[in-house]
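These notes are about the structure you will find just below.
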Amino acid sequence: MDSGDTSKYFQSTCKRLAESFFNTSCEALAKNLLGKVLARRLNDGCIIKGRIVETESYLGGEDAASQSYGNKVTPRNEPMFMSPGTAYVYFTYGMYHCFNISSQGEGAAVLLRALEPLENLERMTELRKRYRKSPKTTLKTKDLCNGPAKLCISLAIDIETCNRQNLISWDGMWLEDDGQDDLCKTIVAAPRIGINCEKKWQNKLLRFYIHDNPYVSKIEKAKMEFMQLP
DNA sequence: GTAGTGATTGCCT
DNA sequence: GGCAATCACTACG
């Protein structure tokens, strides 16, 4: 679809999230993103969608686990300091990508950790299988996007095309409210995964996920803290 | 089902 | 030079 069709599409069928949604504190954005829909339009026009079920907050500044700790700006983490709603995609472990969305606050961003696949699951499966050694291994729906690097592969999120893009205006990726997130009001707060820093920050409950949702990457066995959203 | 481990490279000190 | 906001594979129960 051309750009005229794209804007018509947004007006008629989507409730695309606007600047005001992202211009809030990092923790609030991480919680508010739960239940919202992430949409990605590929070069061939195929639109892939998934519902966000798990996020993590990286506060910047004082947060020892954040890449922007100490308000340190580098060429890599610069999108964390850009306007709320900016995509920050980075490369990690020599082979994977992680996808973040900047929020209000200097160097603050939300990491997307897991999605419930909603549309074009065949395409997600195809993209994921290309990354594997044995393409014959079967992929269950729940394994398509249950991890920060997996969802990047499934939605073809990479640095070249997605980093620094504005999710409020770019037509390659955006967020929607489909009105179905009232089913997701009970959320769990837990420590963030895969970080290694001073314990004070390692233990903070800055990871959020939808309670009892099968698409979450990792379920806490203990230390659960529930919250009800209004 | 879970535990242990190798893969692989750009970024930052 | 060290290491990373991870994943897939293997082995084992």
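Quick caveat, the model's predicted, so the values are computed rather than measured.
By the side chain to side chain contact (heavy atoms under 4.5 Å, CB included) test, Glu198(A) is found to be paired with Ala64(A), Tyr69(A), Lys200(A), Trp201(A), residues two or more places apart in sequence or in another chain being considered. Scanning for side chain to side chain contact (heavy atoms under 4.5 Å, CB included) contacts around Ile168(A) gives Glu19(A), Phe22(A), Asn166(A), with sequence neighbours left out. Scored by the salt bridge (Lys or Arg N to Asp or Glu O under 4.0 Å) test, Asp158(A) finds no partners at all (sequence neighbours excluded). Scored by the salt bridge (Lys or Arg N to Asp or Glu O under 4.0 Å) test, Arg76(A) finds no partners at all (sequence neighbours excluded). Take Asp63(A) and apply the salt bridge (Lys or Arg N to Asp or Glu O under 4.0 Å) test, not counting sequence neighbours, and it matches Arg192(A). Under the salt bridge (Lys or Arg N to Asp or Glu O under 4.0 Å) criterion, Asp44(A) pairs with Arg123(A), not counting sequence neighbours. Lys218(A) meets the side chain to side chain contact (heavy atoms under 4.5 Å, CB included) test with Ile193(A), Arg207(A); sequence neighbours excluded.
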Atom pairs, protein N/O to nucleotides 2-5 of chain C N/O, distance under 3.5 Å:
{"unit_1": "dA5(C)", "atom_1": "OP1", "unit_2": "Gln67(A)", "atom_2": "NE2", "d": "3.1"}
{"unit_1": "dA5(C)", "atom_1": "N9", "unit_2": "Tyr90(A)", "atom_2": "OH", "d": "3.1"}
{"unit_1": "dA5(C)", "atom_1": "N1", "unit_2": "Asn100(A)", "atom_2": "OD1", "d": "2.3"}
{"unit_1": "dA5(C)", "atom_1": "N3", "unit_2": "Tyr90(A)", "atom_2": "OH", "d": "3.2"}

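Arg128(A) comes within 4.0 angstrom of the backbone, heavy atoms only, and of no base. Lys218(A) comes within 4.0 angstrom of no nucleic acid atom, judged by non-hydrogen atoms across all strands.
Atom CZ of Arg130(A) is separated from atom P of dA8(C) by 15 Å (rounded to the nearest Å). Taking atom CG on Asn146(A) and atom C1' on dA8(C), their separation rounds to 12 Å, with Å as the unit.
Where Met95(A) and Ile159(A) meet DNA chain B, the nucleotide closest to each residue was compared, and Met95(A) sits on the side nearer the 5' end.
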Taking only Watson-Crick and G-U wobble pairs with both distances under 3.5 Å, what dot-bracket line describes DNA chain B, where [ ] shows pairs that cross earlier ones and | shows pairs with another strand? |||||||.||||.

Tabulate below the donor-acceptor pairs under 3.5 Å that side-chain atoms of residues 83-96 of chain A make, not counting sequence neighbours, or state none.
{"unit_1": "Thr86(A)", "atom_1": "OG1", "unit_2": "Ser83(A)", "atom_2": "O", "d": "2.6"}
{"unit_1": "Tyr88(A)", "atom_1": "OH", "unit_2": "Gln67(A)", "atom_2": "OE1", "d": "2.4"}

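In this structure, the side chains of Asn146(A) and Val216(A) stay at 4.5 Å or more apart for every pair of heavy atoms. Looking only at side-chain heavy atoms (C-beta outward), Leu111(A) and Pro148(A) come within less than 4.5 Å of each other.
Extent of DNA chain B lying under 4.0 Å from chain A heavy atoms, first and last nucleotide in 5' to 3' order, is dA7(B) to dT13(B).
Screening residues 106-118 of chain A for side chain to side chain donor-acceptor pair (under 3.5 Å) gives Glu54(A)-Arg113(A), Arg113(A)-Ser217(A) as the qualifying pairs, with residues at least two apart or on separate chains.
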